[in-house]
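Take a look at the structure below.
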Amino acid sequence: MTDIWNKLQDNHDTARERPILSLFEDPDRFDDFSAGADGVFLDFSKTNIDREALSLLIDLASEQGVFTYRDAMFRGDRINATENRAVLHTALRDGGSNPLSVDGEDVRPAVAETLQAMEQFARDIRSGHIKTAQGGAFTDVINIGIGGSDLGPAMAVQALAPYHNGPRCHFVSNVDGAQISDTLRMLDPRSTLVIIASKTFTTIETMTNADTAITWLHAALGDRASDHLAAVSTARDKTADMGIAPDRVFGFSDWVGGRYSLWGPVGLAIMLAIGPEGFHDFLSGAHAMDEHFQTAPAPENVPLLMGLVGIWHRNICDYPTRAILPYDQRLARLPAYLQQLDMESNGKRVAINGDTLARASGPVVWGEPGTNGQHAFYQLLHQGTDIVPSEFLIASTSHEPELRAHHDLLKANCLAQSEALMIGRTFEQAQKIATTLGFEGDAQRIQAQHRTFPGNRPSMTLVYPQLTPFTLGQIIALYEHRVFVEGAIWGINSFDQWGVELGKELANALVPMIKGASANSKDPSTQGLLRLLSKP
Ligand SMILES: O=P(O)(O)OC[C@H]1O[C@](O)(CO)[C@@H](O)[C@@H]1O
């Protein structure tokens, strides 16, 4: 353990039982434990981090090389060491013209060219200039992809519903035939465009769903089925094998990781839904957050602070999970999106140099929109035996001015939850309630115990003006950089994902066994389950 980790642990050991509320005796607490970035505001004053801990955490970031590593990422160094790749999803959204080179080659011209091609295609589909096989306009789009080729566009398309003025967008990811079947059943192949999105164009789920969709198009359109296809991939050879015309393929480079890819062609469905101008706003929001991350001083740097709070909760307080709680129904898919972003990036057990990590890395990320979550799992947040740092998100302004009362109630609920988590309810307060309700003696004690809230449970709140394309870009880039900060402090490579390989290999080997081939090489449990599943 370095000195700083030790000092942080000492700080926590002495402050462990201190009520978070007591920290507000400092009149500047709210101002000094919050920060803003172009309208997005982070309040982390409802945590047990005090001034000493905050300054130690900032020192820790320096000591672990977060700032140097950040600059290396933006510069295009090959920081994804295990795959020997640069990490430059930020180049997809910066619109810059000064050269940015990877191995001596300027990446900007190709980025600009692809963006222009996407825009032209999106404009032509939206205007009806590109026609269906039968000469009409496309009314529906199905994006077939999984993981990073699905979660980002699916989340963003839902988030930006008020800006939709293009074809309806649908998403198919699961290899479970139920999803594609239910989707195709409600659509007409004669007016549907199918985008096959896969960075590698080898992912078995996506290839299987693509085959099914192409068969569906073929049955209705014959040889003209290809008029209804487009692809998003780094593998142009494979898209050609599937019969997709080269001018319908939108490529990107290996320096864009799957879970960081919605800023480029993987975001085509978003662009089709909200139009190129809206998509530009989305990119601009993300770029504004990139600039903030690179230039804001540490005590005001929102992604850095968010990452440091994450480190405090994970490593110093030893909390194993974090809850993402958007008080914004249109961000319903944000927790799922962040699960991939965070857990695929930082769910690692070895450091970049191959050593086993000395301390815990990425927490389990989960969540649901409020207020629905309140009526499901918040019981555990308030009174369970585990402490779950909670991350609330809420817009100042909704898109429904005529439903102001709804938004007022949503805000009140959001604030009430973080307040309740922090202040709790003492046994004495609970006893008074029990007395009012007529309980006496031991019955009163039991009732009071059950109605006591320990409180002192930490949370952060992210407030943004309104869920616009610009703001959504800011929020997603903020979380990307937060994941980056945490990964850098842990010394791991946040940009590979070897942990998904083994299951894929074993699934491929199991397919023949599902169909009846010998399973003698398998363990008894797998053999037993195979026997059960082979029954019709
Ligand atoms: O875009 P592709 O190559 O189909 O990959 C889909 C997803 O699969 C993964 O490789 C994990 O299996 C993710 O990292 C990725 O986003």
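Indexing begins at 1, ligand by ligand and atom by atom, following the structure's order.
Cation-pi check for Arg93 over Trp263 is met; the charged atom lies under 6.0 angstrom from the ring centroid and within 45 degrees of its normal.
Arg482 contributes no side-chain N or O that, together with a main-chain N or O of Leu304, makes up a donor-acceptor pair within less than 3.5 Å.
In this structure the side chain of His218 reaches within 4.5 angstrom of the side chain of Asp223, judged on heavy atoms.
Here the heavy atom of the protein found nearest to atom 3 (O) of ligand 1 is Thr200 OG1, 2.6 Å. Looking at atom 8 (O) of ligand 1, its nearest protein heavy atom turns out to be Lys504 NZ, 4.4 Å. Looking from atom 5 (O) of ligand 1 to the surrounding protein, the closest heavy atom is Thr203 OG1, 3.5 Å. Among protein heavy atoms, the minimum distance from atom 13 (C) of ligand 1 is reached at Glu344 OE1, 3.4 Å. Distance from atom 7 (C) of ligand 1 to its nearest protein heavy atom, with residue and atom name: Ile146 O, 3.7 Å.
Contacts of Lys199 with ligand 1, taken as heavy-atom pairs under 4.0 Å, involve both backbone and side chain.
Listed by number with element, the atoms of ligand 1 under 4.0 Å from a non-hydrogen atom of Gly148 are 15 (C), 16 (O). Those atoms of ligand 1 that come under 4.0 Å of a heavy atom in Ser198, given as number and element, are 1 (O), 2 (P), 3 (O), 4 (O). For ligand 1, the atoms closer than 4.0 angstrom to any heavy atom of Gln497 are 14 (O).
Tyr479 and Tyr337 have their aromatic ring centers separated by at least 6.0 angstrom. The distance between the ring centers of Phe250 and Phe121 falls below 6.0 angstrom.
Ring planes of Phe484 and Phe293: perpendicular class, angle over 60° (limits at 30 and 60°). Between His313 and Tyr319, the ring-plane angle classifies as tilted under the 30° and 60° cut-offs.
Remark: distances from the non-hydrogen atoms of Glu501 to ligand 1 are all 4.0 Å or more.
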